Asks: 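Sending over a structure as structure tokens; questions will come in a sec.
What you see is a predicted model, and the numbers here were worked out from it, not measured in a lab. All ligand and atom numbering here is 1-based and tracks the order in the structure. All heavy atoms count here, side chains included; hydrogens, waters and symmetry mates do not.
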Amino acid sequence: MKFGTKVIHAGISPDPSTGAVMTPIYQTSTYAQAAPGKHKGYEYARTQNPTRSVLEKNLAALEEGHFGICFSSGMAAMDSIMKLLNPGDEIISTNDLYGGSYRLMTRIYEKFGVKSHFVHMSDIEEVRARINSRTKLLWIETPTNPMLNIIDIEKTCGLARQHGILTCVDNTFASPYLQTPLTLGADMVLHSATKYLGGHSDVVHGAIVVNDEKLAEQLYFIQNAAGAVPGPQDCFLVLRGIKTLHLRVERACQNAARIAQFLKEHPKVSKVYYPGFPTHPGHEVAQQQMRHFGAMVSFDLVEDQYAAAEKILINTHLFTLAESLGGVESLIGHPASMTHASIPKAERMKVGLTDSLIRLSVGIEDADDLIADLEKALE
Ligand code: P1T
């Protein structure tokens, strides 16, 4: 099945009890048993829910994996992966990543004895130099949030495999339409389904997809034992969003390419971070591992002060100033004070995340209107 068919059909068939074409929202916490332990595969809704099961199967198919495991948010999904580790274990992560992921590693898991090292993962030698006998997990985010760096998934996961280290690729910025990390050798792929998968900024949800049955069993165990599960209505909304994933992402990527070019030519803009430019250091790798270059664009200003950025942030009308990304509507954000505020300034300055950096999540509106909106705000 091709991607555009999978989004609508993979794992989804009319509801067996009624024939309902759309997967019903099974709004129940428990299920009747004929005798103790004699049931239809569903006992208690933290453990199993039919709406969730359909979404898990669909997501597994989209990511070219065998097992999908859903969570109440992207962070809950990541937290479940962290629970695979033991005190004394170490993580190597990209040094440019979602602020919440950095916060979970440093502020929560360091106190349980799990140490994280943050390196410039686009350079595989930096990863190699950090590996030691305690390294148990490689945390890859590509394209990175918010600097849009590209990490070579196949090479990096290959290196990890040689050392018996688990790998997880946070595929939130790309979506499975653009990139499928399991086919490039990753052990786990993670999503904040809040973003492109849901696609309409109306749900918070997370997911992991894996191929290995043992790893899936461990993650299902954690999902049930720790209980960060999504409700059935949220699963329904993600299932509904996924049906148009390919169309939305296709259009958003086209818009982003035009907006990146417009910004590049603007005299007030000093730098545009967008992997679609041939001059981007990760362009060739992106071309190999992604279908298109994504719909996220970050840029910095000639006048590199927060005040200059604020003027733009509060003067767009179609781009809404808000956290998050991946919805049909375009958003504008200020990573330093919003999504990445939990990263110490010295750390974020190392990767170019300045106080004047602006991040765009380009939506599926008409590109001419979006460009006109930015043009006016830049004036
Ligand atoms: O928000 P939640 O569903 O818990 O997902 C967290 C998350 C994980 N990974 C990446 C790459 C993310 O970008 C996020 C959430 N990011 C934002 C809210 C944001 O605006 O960047």
Asks: Quick check on contacts: which atoms of ligand 1 are under 4.0 angstrom from a heavy atom of D170?
Replies: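 Going through ligand 1 atom by atom, the ones under 4.0 Å from D170 are 8 (C), 9 (N), 10 (C), 11 (C).
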Asks: Ring centres under 6.0 Å, that's the criterion: do F293 and H283 meet it?
Replies: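 That pair passes the under 6.0 Å test.
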Asks: Indicate whether any N or O donor in one side chain lies under 3.5 Å from an N or O acceptor in the other, for D304 and S356.
Replies: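 Per modelled atom types, D304 and S356 side chains form no pair under 3.5 Å.
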Asks: Can you tell which part of M78 has a heavy atom less than 4.0 Å from ligand 1: side chain, backbone, both or neither?
Replies: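 No part of M78 comes within reach of ligand 1.
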Asks: How many angstroms lie between CE in M296 and OG in S298, if you round to the nearest 0.5 Å?
Replies: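 One finds 6.5 Å between CE of M296 and OG of S298.
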Asks: Is there a polar contact between ligand 1 and L325, counting only N or O atoms under 3.5 Å apart?
Replies: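 Min N/O separation from ligand 1 is not below 3.5 Å for L325.
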Asks: Between the side chains of Q288 and E284, does any donor sit under 3.5 Å from an acceptor?
Replies: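 No pair is found: no donor N or O on one side chain lies under 3.5 Å from an acceptor on the other.
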Asks: Applying a heavy-atom cut-off of 4.0 Å, say which part of L97 lies close to ligand 1: side chain, backbone, both or neither.
Replies: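 Answer for L97: neither.
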Asks: Quick one, N49 with Y44, criterion side chain to side chain donor-acceptor pair (under 3.5 Å). Give me CA distance, side-chain angles, the key distance, then yes/no.
Replies: CA-CA 8 Å; N49 177 281; Y44 184 63; over 6 Å; no
Asks: Backbone or side chain, does any N or O of H340 fall under 3.5 Å from an N or O of ligand 1?
Replies: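 The answer is no, given that H340 and ligand 1 share no N or O pair closer than 3.5 Å.
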Asks: Please say whether E323 places an N or O atom under 3.5 Å from an N or O atom belonging to ligand 1.
Replies: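 In this structure, E323 places no N or O atom under 3.5 Å from an N or O of ligand 1.
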Asks: Count the heavy atoms of every other residue, nucleotide or ligand shown that sit under 6.0 Å from CD of E110, and state whether that count exceeds 12.
Replies: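 Yes, CD of E110 has more than 12 neighbouring heavy atoms, counting only those of other groups under 6.0 Å.
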Asks: Identify the closest protein heavy atom to atom 4 (O) of ligand 1: which residue and atom is it, and at what distance?
Replies: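 Answer for atom 4 (O) of ligand 1: M75 N, 2.9 Å.
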Asks: Using a 3.5 Å cut-off on N or O atoms only, is T339 in polar contact with ligand 1?
Replies: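 No, since none of the N or O atoms of T339 sits under 3.5 Å from an N or O of ligand 1.
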Asks: Considering only heavy atoms of E141, which atoms of ligand 1 have at least one such atom less than 4.0 Å away?
Replies: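 With E141 as reference, the close atoms of ligand 1 come out as 11 (C).
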Asks: Between K195 and S192, do the side chains contain an N or O donor and an N or O acceptor separated by less than 3.5 Å?
Replies: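 Indeed, the side chains of K195 and S192 share at least one donor-acceptor pair under 3.5 Å.
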Asks: Which bit of R359 is near ligand 1, meaning a heavy atom under 4.0 Å away: side chain, backbone, both or neither?
Replies: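 Only the side chain of R359 comes within reach of ligand 1.
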Asks: Within the structure, is a non-hydrogen atom of H191 found at a distance of less than 4.0 Å from ligand 1?
Replies: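 Contact check H191 vs ligand 1: negative.
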Asks: Considering only non-hydrogen protein atoms, determine which one is nearest to atom 5 (O) of ligand 1 and report residue, atom name and distance to 0.1 Å.
Replies: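 Its nearest protein heavy-atom neighbour is S192 OG, 3.0 Å.
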Asks: Which protein heavy atom lies closest to atom 7 (C) of ligand 1, and at what distance to 0.1 Å?
Replies: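 Checked against all protein heavy atoms, atom 7 (C) of ligand 1 sits closest to Y98 CD2, 3.4 Å.
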Asks: How close does the nearest protein non-hydrogen atom get to atom 13 (O) of ligand 1, and which residue and atom is it?
Replies: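 Closest protein heavy atom to atom 13 (O) of ligand 1: N145 ND2, 3.1 Å.
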Asks: Does ligand 1 have any atom that is closer than 4.0 Å to a heavy atom of K195?
Replies: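 Yes; K195 lies near enough to ligand 1 that a heavy-atom distance drops under 4.0 Å.
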Asks: Look at ligand 1 and say whether S324 reaches it with a heavy atom at a distance under 4.0 Å.
Replies: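 The answer is yes: ligand 1 sits under 4.0 Å from a heavy atom of S324.
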Asks: Go through the side-chain N and O atoms of H66 and E213 and say whether any donor and acceptor fall under 3.5 Å apart.
Replies: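 No, E213 and H66 have no side-chain donor paired with an acceptor closer than 3.5 Å.
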Asks: I want to know if ligand 1 touches V204 in the polar sense, i.e. an N/O pair below 3.5 angstrom.
Replies: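 Between V204 and ligand 1 (N or O atoms, distance only) the closest approach is not under 3.5 Å.
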Asks: Determine whether the side chains of T167 and D187 contain a donor N or O and an acceptor N or O closer than 3.5 Å.
Replies: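 Distance-only check passes for T167 and D187.
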Asks: Are R130 and H117 close enough, and set up right, to give a side chain to side chain donor-acceptor pair (under 3.5 Å), and what steps lead you there?
Replies: CA-CA 8 Å; R130 275 289 174 181; H117 302 278; 3.2 Å; yes
Asks: Judged by modelled atom types alone, do N95 and Y102 share a side-chain donor-acceptor pair under 3.5 Å?
Replies: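 No, no side-chain donor-acceptor pair sits under 3.5 Å.
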Asks: I'd like to check whether T194 has a polar contact with ligand 1, where a contact means an N/O of the residue lying under 3.5 Å from an N/O of the ligand.
Replies: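 Between T194 and ligand 1, an N or O pair is found under 3.5 Å apart.
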